[in-house]
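Below is one structure, written out as structure tokens; comments come after it.
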Protein chains: 2
Amino acid sequence: MKTRSTNPPGRIKIMKALSTLMEKKDFDSITTSEIASEAGVTEGLIYKYFKDKKDLLYKLLEDHFQLFQKKIDASISGKTNAIEKLEVIINTSLESWTKSKVFAKILLLEVRSYPDYYKSRAYELIKVYAKTVATIIKQGVATGDIKKDTDHQTLTKIILGAIEHACLGDIIFERDIDIDHISKNICKTIFKGIQP
Amino acid sequence: MKTRSTNPPGRIKIMKALSTLMEKKDFDSITTSEIASEAGVTEGLIYKYFKDKKDLLYKLLEDHFQLFQKKIDASISGKTNAIEKLEVIINTSLESWTKSKVFAKILLLEVRSYPDYYKSRAYELIKVYAKTVATIIKQGVATGDIKKDTDHQTLTKIILGAIEHACLGDIIFERDIDIDHISKNICKTIFKGIQP
DNA sequence: AATAGTGAGTAAGGTTTACTTACCAAACAA
DNA sequence: TTGTTTGGTAAGTAAACCTTACTCACTATT
């Protein structure tokens with residue numbers, strides 16, 4: 001049995017088209033007819049492959065995130081120390097998000113306001129990412145790499161929040177940031193604290 | 001000269017109506033006719049007072065944020081130590097944002113994806129808030145309340161990011177959080193660090 | 001006291017946009 | 001040959017956002 005193509009050319013072109021358009025505009029002001037004409041297909045085809053306009057966005061995010069998660073997994077695979085792991089996660093995340101602004105825009109600005117996003121596969125993947133961080137912290141506390149009295153839930157939020165917020169300004173205003181500088185400073189602050 | 005009312009009843013009712021509707025639904029799925037009927041006015045009146053549907057959202061955020069900024073200013077007015085100031089800002093922010101979910105939803109989920117938000121008065125106010133935090137940190141570094149080698153820009157992002165991320169889950173899934181627990185742990189982590 | 005002007009609001013479209021439904025054509029299996 | 005699945009088109013629909021033309025009450029001025 002020849003495995004029937006689950007990803008026909010039209011479908012690929014549609015996703016690529018939205019990705020291209022998102023580089024210049026926000027999701028809300030991109031129309032379906034615009035997506036279709038950019039992809040070189042008709043509007044109706046979008047609805048053959050995607051439930052609605054938002055579903056298309058979730059699928060695009062899913063694709064991007066799959067690659068991202070692989071990078072994350074690869075980056076921590078060699079390390080054993082929890083602090084080291086967190087360091088590379090922070091660095092890899094910042095790098096990926098600033099390199100692919102469209103991906104970051106979808107993740108940080110667009111999907112969150114849509115309730116059905118939280119039922120999507122894309123959101124399931126993001127939970128895996130958050131859990132990766134949380135697990136490293138828990139284990140770090142257990143092994144003593146991290147202070148014993150650390151609340152792992154709060155620390156997870158601080159780290160994820162810091163990464164996001166560091167990217168936000170640069171996504172919105174399309175500036176370029178010094179990833180190494182920022183990730184080093186995030187690590188220094190969180191690891192060593194700021195009180196003299 | 002009698003000061004002519006700059007805020008007529010219809011305008012107030014429209015803003016109140018959106019606020020009420022936002023408690024149950026997201027902005028995107030609230031229609032203008034729904035807002036009008038909730039307010040007891042006609043659809044056309046919305047466009048007498050607001051440029052478009054989004055402008056109404058920005059004005060609502062502006063109102064909420066004005067009150068918020070007052071609380072923040074009041075909370076730091078007594079303190080002199082930078083660490084103490086940051087502590088109350090974290091606590092007050094978490095408290096305000098979790099108490100008024102609609103406000104937090106607009107601020108953290110809705111407006112950010114709209115480019116013209118960054119030209120609104122609401123956004124100007126948010127910049128003042130961020131600047132408040134940044135200034136406290138700068139002064140703290142100068143006076144020695146905070147470690148000399150601290151990068152104030154990064155620390156600002158960590159703190160704002162931590163506050164936001166701590167609220168996010170609770171806004172989205174409408175859980176209630178233990179503000180004191182979280183704000184204490186955010187402070188402990190950032191101030192003292194996590195390395196043993 | 002008549003007139004002109006303004007602020008608050010309505011009513012009824014117009015336009016755009018997301019989505020649907022019916023149809024077409026080629027490849028391929030029976 | 002004929003039926004079925006797959007990839008794609010074309011035209012239409014309902015509704016959402018927004019506009020335009022109008023009304024009515026009140027105030028200021030001459």
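On a predicted model such as this, the values are computed, not experimentally measured, just so you know. Only this structure's heavy atoms are used, side chains among them; waters, hydrogens and symmetry mates stay out. Naming: A, B, ... by sequence-line order, numbering from 1 per chain.
- No donor-acceptor contact under 3.5 Å links the side chain of B:Glu43 to the base of D:dC17.
- Contact check for A:His165 versus B:Glu164: side-chain heavy atoms found under the 4.5 Å cut-off.
- The CG-P distance, from A:Leu45 to C:dC19, rounds to 15 Å in whole Å.
- Residue B:Pro9 has its side chain nearest to C:dG9 when only D:dT19, C:dA22, C:dG9 are considered.
- Nearest to the side-chain atoms of B:Lys53 among the listed nucleotides D:dC18, C:dA22, C:dG9 stands D:dC18.
- With hydrogens and angles left out, the side-chain atoms of A:Tyr129 and A:Ser93 include a donor and acceptor closer than 3.5 Å.
- Considering only side-chain atoms of B:Tyr49, the nucleotide from C:dA8, D:dC18, D:dG8 that sits closest is C:dA8.
- Atom CD1 in B:Ile14 sits roughly 8 Å away from atom P in C:dG9 (whole-Å rounding).
- In this structure, B:Ile35 reaches neither bases nor backbone, as no heavy-atom distance under 4.0 Å exists between it and the strands shown.
- For the pair B:Tyr114 OH and D:dC17 C1', the computed distance is 13 Å after rounding to whole Å.
- Between B:Lys13 and A:Thr32, the residue anchored closer to the 5' end of DNA chain C is B:Lys13, taking for each the nucleotide with the nearest heavy atom.
- When rounded to the nearest whole Å, the span between OH of A:Tyr47 and P of D:dG8 equals 17 Å.
- The distance between atom CD of B:Glu34 and atom P of D:dA16, rounded to the nearest whole Å, is 8 Å.
- Nucleic acid contact class of B:Thr31 (heavy atoms, under 4.0 Å, all strands): sugar-phosphate only.
- Atom CG of B:Asp28 is separated from atom P of C:dC19 by 10 Å (rounded to the nearest Å).
- A:Tyr123 has its ring centre no less than 6.0 Å from the ring centre of A:Tyr58.
- Salt-bridge formation is detected for the pair B:Lys127/B:Glu124: a Lys NZ or Arg NE/NH1/NH2 atom is positioned less than 4.0 Å from an Asp or Glu carboxylate oxygen.
- Between B:Lys48 atom NZ and D:dT20 atom P the separation is 11 Å, expressed in whole Å.
- Salt bridge status for A:Lys101 with A:Asp170: absent, with no side-chain N to carboxylate O gap under 4.0 Å.
- Atoms CG (A:Leu57) and P (C:dC19) sit 12 Å apart, rounded to a whole Å.
- For B:Thr42, counting side-chain heavy atoms from C-beta on, the closest listed nucleotide (C:dT10, D:dT9, C:dT20) is C:dT10.
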